[in-house]
Amino acid sequence: MTDIINKQEEVGRFYESITAMFWEIIHKRHMHSGYRDETNLDDNPFEASLRFTKMMINWTEIKEGERFYDAGCGFGLPAIRLVEAKRCELVGVTASQYQATEANKVAELEGFKHKAKFLVADANKLQFEANSFDGGWFFESFVHMGIDALKEAHRVLKPESILLIADFTRLETFTKEDENILQKHISVSSLYEVKDFPNLLEKIGFKLLEIRDITKESTRKVLDYYKDELARRRELLIERFGEKEFEHLTDIAMKWANMRNEKLGYCVIKVKVKKGV
């Protein structure tokens, strides 16, 4: 699966669908993977997600007062934690009006209304001026976008600024059937192998600084945790979606969990923006 770009409207519809709302409950709106090493194997998915958010924040080099770009911000929870930690300003974009509205509510509630703003925008075709951000990230959102979104990030980021990409990668065991499942049920459109990224990023104008393969840490006990979460929240989910839909969504969730264990890797990439090359 390489760059079969979904239209913004299609991604937006997915994140306002029953399937996405199901994930929203399971993940408590932290719509990204967690991190578990030997020191925290018993963390639940929410705790693991919070840990990974803190790691991503530490890997950024954004400074107080600078402006940060969040491509595919979701509900804005990692973004708001970044603003809190770094005292920077931030603009997050999402394809979902629902997510943007909820993210702005949280920013206002936590006192960051004037620091963090969340907009509905197409990351593949931004309206921001060139060189208008001091740093940015794709925090598990690149899979919904593709090369055009990377080109736009390169355009709006200032020279020498840092971009982070944290996302799934395709392993050799990944099949066409897996691709169809991800496209149909999770709106994934752009999935690469780790080895594809250096050349891809260099062509756009990024200098690769580091690739961290955290497949093991992001997939530890995923299958068990999904089983536990679905059992623990069964009554709530059936009340919300109905028993028939619950069974359908559970089937999708378990297919995803099995795929995470066997077919998908995960990496964090750090690059520097080069201009005029």
Side-chain angles (χ1 to χ4, degrees), residues 3-17 20 31-32 56 60-83 86-108 112-167 187-190 200-201 203-206 269 271-277:
D3 247 26
I4 307 169
I5 301 301
N6 286 331
K7 294 180 180 178
Q8 177 194 9
E9 293 82 4
E10 293 173 347
V11 177
R13 280 195 296 271
F14 166 72
Y15 277 107
E16 295 176 7
S17 70
M31 308 288 278
H32 61 82
M56 286 287 287
T60 69
E61 296 183 11
I62 199 72
K63 297 180 177 61
E64 183 175 353
E66 292 185 333
R67 196 168 182 235
F68 194 87
Y69 168 54
D70 185 343
C73 60
F75 292 104
L77 302 185
I80 291 169
R81 298 283 73 81
L82 173 69
V83 170
K86 299 287 190 172
R87 315 310 297 180
C88 62
E89 297 180 4
L90 179 143
V91 178
V93 304
T94 171
S96 164
Q97 182 62 65
Y98 167 57
Q99 288 188 334
T101 299
E102 293 300 303
N104 282 312
K105 285 180 182 177
V106 175
E108 182 171 9
F112 297 110
K113 177 181 178 180
H114 301 295
K115 287 281 190 178
K117 299 184 184 301
F118 302 96
L119 314 170
V120 176
D122 187 349
N124 296 301
K125 192 176 181 181
L126 297 169
Q127 300 301 311
F128 306 128
E129 294 183 0
N131 305 327
S132 55
F133 291 93
D134 302 285
W137 66 24
F138 289 78
F139 198 164
E140 211 163 294
S141 58
F142 176 65
V143 288
H144 295 302
M145 305 172 194
I147 293 176
D148 285 345
L150 285 175
K151 290 178 179 177
E152 278 294 88
H154 183 271
R155 182 182 67 81
V156 302
L157 288 169
K158 294 178 181 178
E160 303 300 306
S161 61
I162 298 297
L163 175 71
L164 296 178
I165 304 166
D167 227 317
S187 197
V188 170
S189 60
S190 180
L200 169 67
L201 292 164
K203 284 183 177 180
I204 293 172
F206 294 105
I269 303 169
V271 295
K272 180 177 288 188
V273 177
K274 293 294 185 182
K275 302 270 184 168
V277 295

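What's counted below: heavy atoms across the whole structure, side chains too, no hydrogens, waters or symmetry copies.
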Roughly how far apart are [X] [atom1] and [Y] [atom2], rounded to 0.5 Å?
| X | Y | atom1 | atom2 | result |
| --- | --- | --- | --- | --- |
| Ser161 | Phe68 | OG | CZ | 9.5 Å |
| Leu119 | Phe128 | CG | CZ | 5.5 Å |
| Glu66 | Cys88 | CD | SG | 8.5 Å |
| Ile147 | Asn124 | CD1 | CG | 10.5 Å |
| Ser190 | Leu150 | OG | CG | 8.0 Å |
| Lys86 | Lys63 | NZ | NZ | 8.5 Å |

Testing the basics here: between Ala116 and Val83, what is the closest heavy-atom pair and its distance to 0.1 Å?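 Shortest heavy-atom separation between Ala116 and Val83 comes out as CB-CG2, 4.1 Å.
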Looking at every non-hydrogen atom in both residues, tell me the closest pair between Ile80 and Ala107 and how far apart they are.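 Where Ile80 meets Ala107 most closely, the heavy atoms are CD1-N, 3.6 Å.
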Which residue in the set Leu163, Asp167, Ile269 passes side chain to side chain contact (heavy atoms under 4.5 Å, CB included) when paired with Phe138?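 By the side chain to side chain contact (heavy atoms under 4.5 Å, CB included) criterion, Phe138 pairs with just one of Leu163, Asp167, Ile269: Leu163.
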Partner of Val273 by side chain to side chain contact (heavy atoms under 4.5 Å, CB included), out of Arg155, Glu160, His154: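 For Val273, the side chain to side chain contact (heavy atoms under 4.5 Å, CB included) check succeeds only for His154.
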Exam field: side chain Asn131 to backbone Val156, donor-acceptor pair closer than 3.5 Å: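 No: the side chain of Asn131 does not pair with the backbone of Val156.
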Using modelled atom types only, decide if a donor and an acceptor are shared between the side chain of Lys275 and the backbone of Leu157 within a distance under 3.5 Å.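 Side chain of Lys275 to backbone of Leu157: a pair is present.
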Mind checking whether [X] and [Y] have side chains closer than 4.5 Å, heavy atoms only?
| X | Y | value |
| --- | --- | --- |
| Phe118 | Thr101 | no |
| Trp137 | Asp70 | yes |
| Leu200 | Phe206 | no |
| Ile162 | Thr60 | no |
| Ile165 | Leu201 | yes |

Full working for salt bridge (Lys or Arg N to Asp or Glu O under 4.0 Å) between Lys125 and Glu152: CA-CA 7 Å; Lys125 192 176 181 181; Glu152 278 294 88; over 6 Å; no
One thing to verify: whether Glu102 and Lys105 come together as a salt bridge, which I'm taking to mean a side-chain N less than 4.0 angstrom from a carboxylate O.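 The answer is yes: the pair qualifies as a salt bridge.
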Can you label the angle between the Phe133 ring and the Tyr69 ring as parallel, tilted or perpendicular, going by 30° and 60°?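 Phe133 vs Tyr69 ring planes: tilted.
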